[in-house]
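One structure is given here, and the rest of the page talks about it.
Predicted model, so just to flag it, every value in this text is computed and none were measured.
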Amino acid sequence: MASSTPRSEPRSSTPAQAASAAGAALPPPPRRSGGRREPPTRRTALSVGAIVAAAIEVLDEAGVAGLSMRRVADRLGTGAASLYAHVAGREELLELVFDELVGQVALPEPDPSIWRQQVHTMLRDLYDVLVSHRDAALAGLGRIPTSPQTLTAAETLVTVLRAGGLSDRVIALGLDQLILYVSASAFEAGLMEHGGMSPADVQRYFAEVHAFYDALPAQRFPVLASVAPEMTGPDGDERFAFGIDVLLAGLEAVSAAG
């Protein structure tokens, strides 16, 4: 979720106030160019929800590269042209897919006393959702939040960060770094999860990695050899949590420095 040019905004409301305003209409979202078609009159046989659900199934099978309007239409038993009555094109479809996945993340009521834990939980939940769907992390990279559920999640996350006492500038710029970290981590994990390796293959591969680093010649790589147990010991959960801790500590330090 890359940020746009910073602007001065009023202080955010509480999640309860935000929920009461959930029905407020959003302005037309910006779209990247890519042959956007003007949608004709919508048909009643299809719905955006059905199209997005089918798109997620195609994503799980073929990844982002294989997600096309034609494949989604085939899964729905219709022609690609009929989808354009509901979705402007592949780019908007990817945005809708990502929005639907983000909407699966539980959103807490911000609590200053446990704000770090809340950030960890939200980002871990997002990571798990993205990993569970092949290449889903790619659908979010480089995407500015403009869709309803993504905006709601972003609003909750920045409210939690504000509850932690971070400055507005650190919140605004730190949001990008947190989401980029989660997306990159989820994409990397997905390479193993959906890369055709069985769990036994993955376990064997990492055992070989551990053996490789344990066998590094200390006279040639003295520091790498000395820290090898720390490099290969922690599992994926510990590594992911460490990254969030480092980012939050950095954001706190920058915020305190003014």
**Report entry** Within residues 238-258 or reaching into it, pairs that qualify as ring pair (Phe, Tyr, Trp, His ring centres under 6.0 Å) - sequence neighbours excluded
**Finding:** Tyr127-Phe240, Tyr181-Phe240
I'd like a table of donor-acceptor pairs (distance under 3.5 Å, sequence neighbours excluded) in which one partner is a side-chain atom from residues 243-251, with atom names and distances.
{"residue": "Asp245", "atom": "OD1", "partner": "His120", "partner atom": "NE2", "Å": "2.7"}

Query raised in the report: Can you list the residues that meet the side chain to side chain donor-acceptor pair (under 3.5 Å) rule with Asp111, with sequence neighbours excluded?
Result: Ser113
Residues 212-227 side chain polar contacts: donor-acceptor under 3.5 Å, at least two apart:
{"residue": "Ser226", "atom": "OG", "partner": "Pro222", "partner atom": "O", "Å": "3.4"}
{"residue": "Ser226", "atom": "OG", "partner": "Val223", "partner atom": "O", "Å": "2.7"}

Query raised in the report: Just wondering, are more than 12 heavy atoms of other shown residues or ligands nearer than 6.0 Å to CD in Gln104?
Result: yes
Requested in this report: List for me each residue that meets side-chain contact (heavy atoms from CB on, under 4.5 Å) alongside Pro148, sequence neighbours excluded, and say none if there are none.
Outcome: Leu26, Asp99
**Report entry** Cluster check Leu141, Val129: I/L/V/M/F/W/Y, side chain < 4.5 angstrom
**Finding:** yes
Query raised in the report: By side chain to side chain donor-acceptor pair (under 3.5 Å), which residues pair with Asp235, not counting sequence neighbours?
Result: none
**Report entry** Non-hydrogen atoms of Pro112 and Ala163 that approach each other most closely
**Finding:** CB-O, 3.5 Å
Query raised in the report: Which residues satisfy the side-chain contact (heavy atoms from CB on, under 4.5 Å) test with Gln203, sequence neighbours excluded?
Result: none
Report task. Please identify each residue that fulfils side-chain contact (heavy atoms from CB on, under 4.5 Å) with Ser132, with sequence neighbours left out. Result -> none
Report task. Indicate the atoms forming the closest heavy-atom contact of Pro108 with Gln118, along with that distance. Result -> CB-NE2, 3.6 Å
Query raised in the report: Just by modelled atom types, is the Ala137 backbone N or O under 3.5 Å from a matching donor or acceptor in the Ser183 side chain?
Result: no
Query raised in the report: Quick one: do the Ser147 and Thr150 side chains pair a donor with an acceptor below 3.5 Å?
Result: yes
Requested in this report: Check side chain to side chain donor-acceptor pair (under 3.5 Å) between Arg204 and all other residues, then give those that pass, not counting sequence neighbours.
Outcome: Asp201
Query - Electrostatic pair Asp74-Arg70, nearest N-O below 4.0 angstrom - result: no
Please list, one pair per line, the donor and acceptor atoms closer than 3.5 Å that link side chains of residues 56-67 to other protein atoms, with sequence neighbours excluded.
{"residue": "Glu57", "atom": "OE1", "partner": "Arg75", "partner atom": "NH1", "Å": "3.0"}
{"residue": "Asp60", "atom": "OD1", "partner": "His133", "partner atom": "ND1", "Å": "2.9"}
{"residue": "Asp60", "atom": "OD2", "partner": "His133", "partner atom": "ND1", "Å": "3.2"}
{"residue": "Glu61", "atom": "OE1", "partner": "Arg75", "partner atom": "NH2", "Å": "2.8"}
{"residue": "Glu61", "atom": "OE2", "partner": "Arg75", "partner atom": "NH2", "Å": "2.6"}

**Report entry** Closest non-hydrogen atom pair, Trp115 against Val160
**Finding:** O-CG1, 3.5 Å
Report task. Looking only at non-hydrogen atoms, find the nearest pair between Ala136 and Leu130 and report the distance. Result -> CB-O, 3.7 Å
Query raised in the report: Is a side-chain N or O of Glu92 found less than 3.5 angstrom from the main chain of Ala88, in a donor-acceptor match?
Result: yes
Requested in this report: Specify the closest pair of heavy atoms between Val87 and Leu93, including all atoms of both residues, with the distance to one decimal.
Outcome: CG1-N, 3.7 Å
Query raised in the report: Mind checking what makes side chain to side chain donor-acceptor pair (under 3.5 Å) contact with Arg169, not counting sequence neighbours?
Result: none
Query raised in the report: Is there a salt bridge (charged side-chain N to carboxylate O under 4.0 Å, His left out) between Arg90 and Glu95 once you walk through the steps?
Result: CA-CA 9 Å; Arg90 183 177 182 274; Glu95 181 174 359; over 6 Å; no
